[in-house]
Amino acid sequence: MGMQMEMSYVIAVVITGLVVVFLGLILLIAFISIIGAIFKKLNSRPKAPAKTNAPAAVKPIPKAAAAPQPAAAVPADTDDDEIIAVISAAVAMMSAAEGKNYRVRSVKAASSKAYGGNAWASAGLRESTSPF
């Protein structure tokens with residue numbers, strides 16, 4: 001029933017398989033090394049100084065003479081436009097300080113069921129993204 005193979009045939013197949021696998025690995029290592037050398041050369045090239053439009057110096061906000069009044073409790077139905085305006089102003093100040101041009105493109109309401117409503121997924125997300 002079983003087909004008998006000659007031992008020389010088995011040894012030839014095993015050796016051929018090993019040679020092909022190791023040649024493939026050597027070619028892969030050489031390819032990755034060449035690509036790494038190319039990227040190192042590209043990263044080590046001196047970069048031309050970028051044209052920056054230096055923003056005007058940000059003026060510090062003068063302190064008020066009177067002590068600020070304690071903030072009143074914020075009602076639950078606070079206008080979202082005010083919050084968006086504050087966030088946009090913070091982004092604009094950050095972009096002016098860094099000399100880059102950031103902007104708020106869209107605003108979406110956060111959903112507590114963003115991850116399928118799974119409480120375990122939400123707890124894991126909170127735990128892994130919380131500050132130290």
Side-chain angles (χ1 to χ4, degrees):
M1 292 261 160
M3 189 171 142
Q4 293 291 333
M5 287 194 226
E6 293 183 24
M7 191 54 104
S8 62
Y9 179 74
V10 172
I11 292 173
V13 168
V14 168
I15 291 175
T16 303
L18 288 171
V19 168
V20 167
V21 166
F22 281 105
L23 281 176
L25 288 173
I26 290 169
L27 289 174
L28 187 61
I29 289 170
F31 178 73
I32 290 173
S33 298
I34 290 170
I35 295 295
I38 290 172
F39 280 115
K40 276 185 183 177
K41 278 191 175 183
L42 289 176
N43 285 340
S44 66
R45 271 197 289 174
K47 296 180 180 178
K51 294 180 182 177
T52 58
N53 295 334
V58 179
K59 296 179 183 176
I61 299 173
K63 293 185 179 182
Q69 298 294 326
V74 178
D77 59 345
T78 303
D79 191 14
D80 290 337
D81 292 338
E82 292 174 3
I83 296 171
I84 294 169
V86 169
I87 293 172
S88 297
V91 169
M93 290 299 293
M94 186 174 68
S95 68
E98 292 181 5
K100 295 182 180 179
N101 193 11
Y102 298 130
R103 62 181 166 199
V104 178
R105 291 188 180 193
S106 66
V107 177
K108 297 179 184 176
S111 171
S112 63
K113 296 186 179 185
Y115 295 97
N118 186 348
W120 290 104
S122 297
L125 181 66
R126 274 194 310 271
E127 182 178 327
S128 63
T129 57
S130 66
F132 296 107

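Heads up: numbering here begins at 1 and tracks the sequence.
- At a threshold of 4.5 Å between side-chain heavy atoms, the hydrophobic network of Ile, Leu, Val, Met, Phe, Trp and Tyr places Ile83 and Val86 in two separate groups.
- Interatomic distance, Leu18 CG to Leu23 CG, rounded to the nearest 0.5 Å: 11.0 Å.
- Ser33 contributes atom OG, which lies 9.5 Å from atom CG of Leu28 (distance to the nearest 0.5 angstrom).
- Using a 4.5 Å cut-off between side-chain heavy atoms of Ile, Leu, Val, Met, Phe, Trp and Tyr, with links allowed through other members, Val19 and Leu27 fall into different hydrophobic clusters.
- Residues Val13 and Val20 are members of separate hydrophobic clusters, defined by side-chain heavy-atom contacts under 4.5 angstrom among Ile, Leu, Val, Met, Phe, Trp and Tyr.
- Hydrophobic clustering (ILVMFWY, side-chain heavy atoms < 4.5 Å, transitive): Phe22 and Phe31 are in distinct clusters.
- Each of Val21 and Ile29 belongs to its own hydrophobic cluster when Ile, Leu, Val, Met, Phe, Trp and Tyr are linked at side-chain heavy-atom distances under 4.5 angstrom.
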